[in-house]
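Step one of this worksheet: look at the structure below.
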Number of protein chains: 2
Amino acid sequence: MDEITEITEHKLNIIKGVFMDFLNANGHKRTTERMAILEEIYSFDEHFDVLELHHHLRRKNYKVSMATIYNNIKLYEEAGLILKHRFGKGMAQYEKCYFNRDHHHIILTDTGEVKEFRDPRIQDIKNWIEKTYDIKVDRQSLYFYGRRCEKQKNTPRDE
Amino acid sequence: MDEITEITEHKLNIIKGVFMDFLNANGHKRTTERMAILEEIYSFDEHFDVLELHHHLRRKNYKVSMATIYNNIKLYEEAGLILKHRFGKGMAQYEKCYFNRDHHHIILTDTGEVKEFRDPRIQDIKNWIEKTYDIKVDRQSLYFYGRRCEKQKNTPRDE
DNA sequence: ATAACTGCAAATCATTTGCAGATCT
DNA sequence: AGATCTGCAAATGATTTGCAGTTAT
């Protein structure tokens with residue numbers, strides 16, 4: 001939906017606070033790299049992968065190794081600050097998510113473009129699932145793959 | 001939904017027919033391995049990975065290499081006969097899909113159990129997306145991750 | 001006949017890990 | 001001080017690919 005979730009100084013501080021609480025609560029240390037990577041992640045408006053993240057950081061003259069990025073990205077995930085996607089081939093994609101939850105994705109397979117949308121019916125379905133199966137849904141990942149109108153694939157129906 | 005899609009001899013023949021048409025249409029050859037792997041895939045009622053597939057085949061004394069499985073599995077996918085999933089870590093999971101389309105998944109993260117469900121609202125959403133973005137949605141992948149009711153994670157709301 | 005296939009082994013790609021030296025608390 | 005980091009380089013795991021011999025059309 002390209003409704004840009006602008007990260008103000010104030011919001012960034014909330015994020016950092018959440019993360020530092022998480023670090024404390026789990027016996028992790030607060031390091032410069034850790035905070036720098038987190039801040040960089042929240043400066044992305046789009047999805048990104050570890051390589052892009054690495055490039056952005058180098059461009060700003062932070063010298064952070066890929067190992068460190070990979071190691072820390074798991075923490076942000078655990079802390080509920082980023083979401084990991086595996087759209088298709090290649091590297092995983094990530095996105096910040098603290099102020100941007102409950103949205104879903106449309107991937108245009110021809111161009112690689114990723115759109116976001118929200119739909120209240122998804123919430124309804126989630127509620128229905130929780131009730132019907134007596135479970136707590138704590139994560140969902142919904143992707144629609146498509147492309148700009150023209151031809152279409154053969155799709156046999158349910159029998 | 002555990003509504004088992006039993007594959008009768010008749011259905012299997014339809015599948016094989018579809019696949020052979022696909023092979024012809026694309027200049028691929030019909031080999032014993034290719035047909036054996038396909039048949040084995042359609043004997044699974046659940047999701048499977050390439051290793052399980054390999055084991056099943058060996059147990060039946062088909063000696064097929066992993067390379068061949070990997071190479072061919074792409075064809076079944078292209079032919080619209082299987083779906084590939086990347087639930088979490090590790091290997092990709094696959095499932096037959098010719099007689100079992102338009103269903104979605106609930107993954108119980110504690111037990112690893114996978115449930116299937118259908119919901120007409122998903123179709124509505126798909127239609128809405130196609131109209132709104134002027135695209136053709138040709139694939140969708142919807143997963144809800146949850147676990148049997150008890151505690152729940154802290155989930156900050158949209159701002 | 002010949003283009004496509006199988007299977008092995010080697011290659012690749014993304015991600016993880018072991019370890020030595022540096023850094024937080 | 002002592003546990004936890006970082007970063008390098010080496011290890012891993014899943015999947016792909018090159019190639020020589022084999023098979024389908």
Side-chain angles (χ1 to χ4, degrees), chain A residues 16 19-41 47-58 60-79 82-94 112, chain B residues 16-17 19-41 47-58 60-79 82-94:
Chain A
K16 286 180 180 172
F19 188 53
M20 280 157 63
D21 289 350
F22 170 85
L23 292 178
N24 283 330
N26 295 81
H28 297 305
K29 286 174 181 165
R30 176 204 143 103
T31 69
T32 353
E33 292 83 353
R34 227 158 238 182
M35 299 315 280
I37 299 173
L38 178 62
E39 187 157 344
E40 191 58 40
I41 284 175
H47 300 83
F48 60 89
D49 59 38
V50 284
L51 234 44
E52 288 166 339
L53 186 52
H54 190 238
H55 291 154
H56 276 228
L57 285 162
R58 307 219 97 212
K60 294 189 180 171
N61 287 333
Y62 290 115
K63 59 254 132 75
V64 188
S65 75
M66 287 303 292
T68 301
I69 291 184
Y70 270 113
N71 286 331
N72 284 321
I73 214 149
K74 280 184 243 157
L75 293 184
Y76 310 130
E77 226 187 319
E78 264 185 72
I82 62 173
L83 280 177
K84 180 179 187 171
H85 302 284
R86 302 261 225 113
F87 292 135
K89 324 258 88 187
M91 277 172 270
Q93 299 270 114
Y94 299 87
Chain B
K16 286 180 180 171
F19 188 52
M20 279 157 63
D21 289 349
F22 170 84
L23 292 178
N24 282 330
N26 295 82
H28 298 305
K29 286 172 182 167
R30 176 205 144 102
T31 69
T32 354
E33 291 85 353
R34 225 159 239 181
M35 299 315 281
I37 299 173
L38 178 62
E39 187 157 346
E40 192 58 41
I41 284 175
H47 298 84
F48 60 89
D49 59 37
V50 284
L51 235 46
E52 289 166 340
L53 186 52
H54 190 237
H55 291 153
H56 276 229
L57 286 162
R58 306 220 97 212
K60 294 190 180 169
N61 286 334
Y62 289 115
K63 60 256 135 70
V64 187
S65 75
M66 288 303 290
T68 300
I69 291 185
Y70 271 114
N71 286 330
N72 284 321
I73 215 150
K74 281 184 245 157
L75 292 184
Y76 310 130
E77 226 187 319
E78 264 184 72
I82 62 173
L83 279 177
K84 180 180 189 171
H85 301 287
R86 301 261 225 112
F87 293 135
K89 324 256 90 188
M91 275 172 271
Q93 300 269 115
Y94 299 87

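These numbers come from the heavy atoms of this one structure, side chains and all, not from hydrogens, waters or symmetry mates. Chain letters run A, B, ... following the sequence lines, proteins first, then strands; residues in each count from 1.
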[N], OP1 or OP2 - any side-chain N/O from [X] closer than 4.0 Å?
X: A:Ser65; N: D:dC5; answer: no
X: A:Thr31; N: D:dT6; answer: yes
X: B:Asn71; N: C:dA4; answer: no
X: A:Tyr70; N: C:dT16; answer: no
X: A:Arg30; N: C:dT25; answer: no
X: B:Asn26; N: C:dA4; answer: no

Verify the ring-centre separation between A:His56 and A:Phe48: is it less than 6.0 angstrom? no

Can you tell which of A:Glu39, A:Glu40, A:His55 makes a side-chain hydrogen bond (donor to acceptor under 3.5 Å, both in side chains) with A:Lys60? A:Glu40

d([atom1], [X]; [atom2], [N]) in whole Å:
X: A:Ile73; N: C:dA14; atom1: CD1; atom2: P; result: 14 Å
X: B:Leu75; N: C:dA4; atom1: CG; atom2: P; result: 13 Å
X: B:His54; N: D:dA14; atom1: NE2; atom2: P; result: 14 Å
X: B:Arg34; N: D:dT22; atom1: CZ; atom2: P; result: 19 Å
X: B:Lys63; N: C:dG7; atom1: NZ; atom2: P; result: 7 Å
X: A:Asn24; N: C:dT25; atom1: CG; atom2: P; result: 8 Å
X: B:Ile69; N: D:dT15; atom1: CD1; atom2: C1'; result: 13 Å
X: B:Met66; N: C:dA10; atom1: CE; atom2: P; result: 18 Å

Which is true for A:Asn72 with a 4.0 Å heavy-atom rule: it touches a base, it touches only sugar-phosphate, or it touches nothing? sugar-phosphate

Of the listed nucleotides D:dT15, C:dT6, D:dG7, the one nearest the side chain of A:Glu33: D:dG7

Counting heavy atoms from C-beta on, name the nucleotide in D:dT4, C:dT6, D:dT23 closest to the side chain of B:Lys29. D:dT23

Apply side chain to side chain contact (heavy atoms under 4.5 Å, CB included) to B:Thr68 and B:Ile37, showing your working. CA-CA 9 Å; B:Thr68 300; B:Ile37 299 173; 4.3 Å; yes

Measure across A:Arg34 and A:Phe19 and return the closest heavy-atom pair with its distance rounded to 0.1 Å. CG-CE2, 3.9 Å

Do any N or O atoms from the side chain of B:His54 and from the backbone of B:Val64 form a donor-acceptor pair under 3.5 angstrom? yes

5'-most contact on DNA chain D: A:His28 or B:Val50, nearest heavy atom basis? A:His28

Taking the nucleotide of DNA chain D with the closest heavy atom to each, which residue, B:Thr32 or B:Lys74, is nearer the 5' end? B:Lys74

I want to confirm an ordering. Mapping B:Lys89 and B:Gly27 to their closest nucleotides on DNA chain C, which one lands closer to the 5' end? B:Gly27

